[in-house]
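Structure, as structure tokens:
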Amino acid sequence: MDYATLKLIWWVLIGVLLIGFALTDGFDMGAAILLPFIGKDDAERRVVINTIGATWEGNQVWLVTAGGAMFAAWPLVYAASFSGFYFAMLLVLFALFFRPVGFDYRGKRDNPRWRSAWDWGLFIGGFVPALVFGVAFGNLLQGVPFSFDPDLRVTYYGGFFGLLNPFAVLCGLVSVSMLVAHGAAFIKMKTDGVIARRASVALRVASLVAVVLFLAAGGLIATMIGGYQIVDAAPLDTVANPLLKSVVGAPGLWLTNYATYRWMIAAPVLGVAGGVLAVVLAGSRFEKSAFMATGLTIVGVILTAGFSMFPFIMPSSLDARSSLTVWDSTSSEMTLEIMLGAVIVFLPIVLLYTSWVYRVMRGKVTAAALKEHHHTMY
């Protein structure tokens, strides 16, 4: 297998890991965001918590795996992103701290104020990462203010509050709304009665908001947000060096791939169609279909961002030549080969184990089950 093909394969694999994280840990985050609003008393909130309580830890491993894969496969992207998004990543990390302690400490005291405080802690642990991940993608689409010197030392010239520009915040709200819809669909699928009915309302509203905001972001990308395009580059199978290329930037260039590869249009169509289908199915008895529809929205939105930017991973708004792409930011050929061998062996095992866990944990969470298993459930 040649070096250029390995680079492309790892772009696909890291995309798969990010989608896997959004699909699994995404409904955990969405359910946590909805927790203070769908659950009106302690019993109802315990039902919501226990819909995700058995699987959230395993789902979060997708994020750790994606981060590790990015470090090994795209070391320059890892270095540049940690320089540019350092405080944003710390914010995500500290927000995620609320998740394990929130789940474990909430039930330690039978005190309404104590439990309510941890409920809002779980809300923060879901809302902040969902928002920041979307904001990060919004900044990637606009370009990040960094550059490399001739020795490939990276310098970042922006600040944390510069990341919170209007378009990036819009992308953050797209992320939050689609994950809230995914979480609402999961709660609806795992509960019954009044909680399921409230989840249906949340599913309908969040899906509609996600579609509208996604279309708005697409309109801005087509007309106002500057994209990037490579006009001259070193051969694809050469050693990674981002400075060996020429890049131009202009509004509308992120649409170039859709004209070149017509099949890519399926991604934004899937994102919109999944959201519309979720709105239609929100009040129906087809709970699994509604959950799959919100999953299609997530897949479509993430693929749209990836297809639009390809082959760029992290464009530079200061020095377009320093922009990092699939072809010039990867590890050595041997590293990619060894990692691919590990993925071929272990990824099927992980997928089989995950499928088995969800099969064992299938079924609805009810107030009666909480009373029966009071000491073994959150």
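For residues 180-200, every residue pair satisfying the side chain to side chain donor-acceptor pair (under 3.5 Å) rule, not counting sequence neighbours, is listed here: E44-R198, H182-T294, K188-S200. Residue pairs meeting the side chain to side chain donor-acceptor pair (under 3.5 Å) criterion with at least one partner in residues 53-68, sequence neighbours excluded, are D28-N59, N59-Y358, Q60-R99. Legend: side chain to side chain donor-acceptor pair (under 3.5 Å) pairs involving residues 159-177, not counting sequence neighbours, sorted by first then second residue: N139-N165, Q142-N165. Sorted by first then second residue, the salt bridge (Lys or Arg N to Asp or Glu O under 4.0 Å) pairs that include residues 119-145, not counting sequence neighbours, are R45-D119, R106-D119.
For D110, there are no salt bridge (Lys or Arg N to Asp or Glu O under 4.0 Å) partners two or more places apart in sequence or in a different chain. In this structure D319 satisfies the salt bridge (Lys or Arg N to Asp or Glu O under 4.0 Å) test with no other residue, sequence neighbours excluded. Contacts of K364 classified as salt bridge (Lys or Arg N to Asp or Glu O under 4.0 Å), with partners at least two apart in sequence or in another chain: E287. For R153, the salt bridge (Lys or Arg N to Asp or Glu O under 4.0 Å) partners two or more places apart in sequence, or in a different chain, are D149, D151. With sequence neighbours left out, Y105 forms a side-chain contact (heavy atoms from CB on, under 4.5 Å) with V101, K108, W114, W118.
As a member of the Ile/Leu/Val/Met/Phe/Trp/Tyr network built from side-chain separations under 4.5 Å, V357 groups with Y353, W356, V360, M361. Hydrophobic side-chain contacts under 4.5 Å tie V231 into a cluster, directly or through other members, with V248, L253.
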Anything under 3.5 Å between a donor and an acceptor, one on a side chain of residues 302-313, the other on a protein residue two or more places apart or in another chain? List them.
| from | atom 1 | to | atom 2 | distance (Å) |
| --- | --- | --- | --- | --- |
| T304 | OG1 | G300 | O | 2.6 |
| S308 | OG | Y258 | OH | 2.8 |
| S308 | OG | T304 | O | 2.7 |

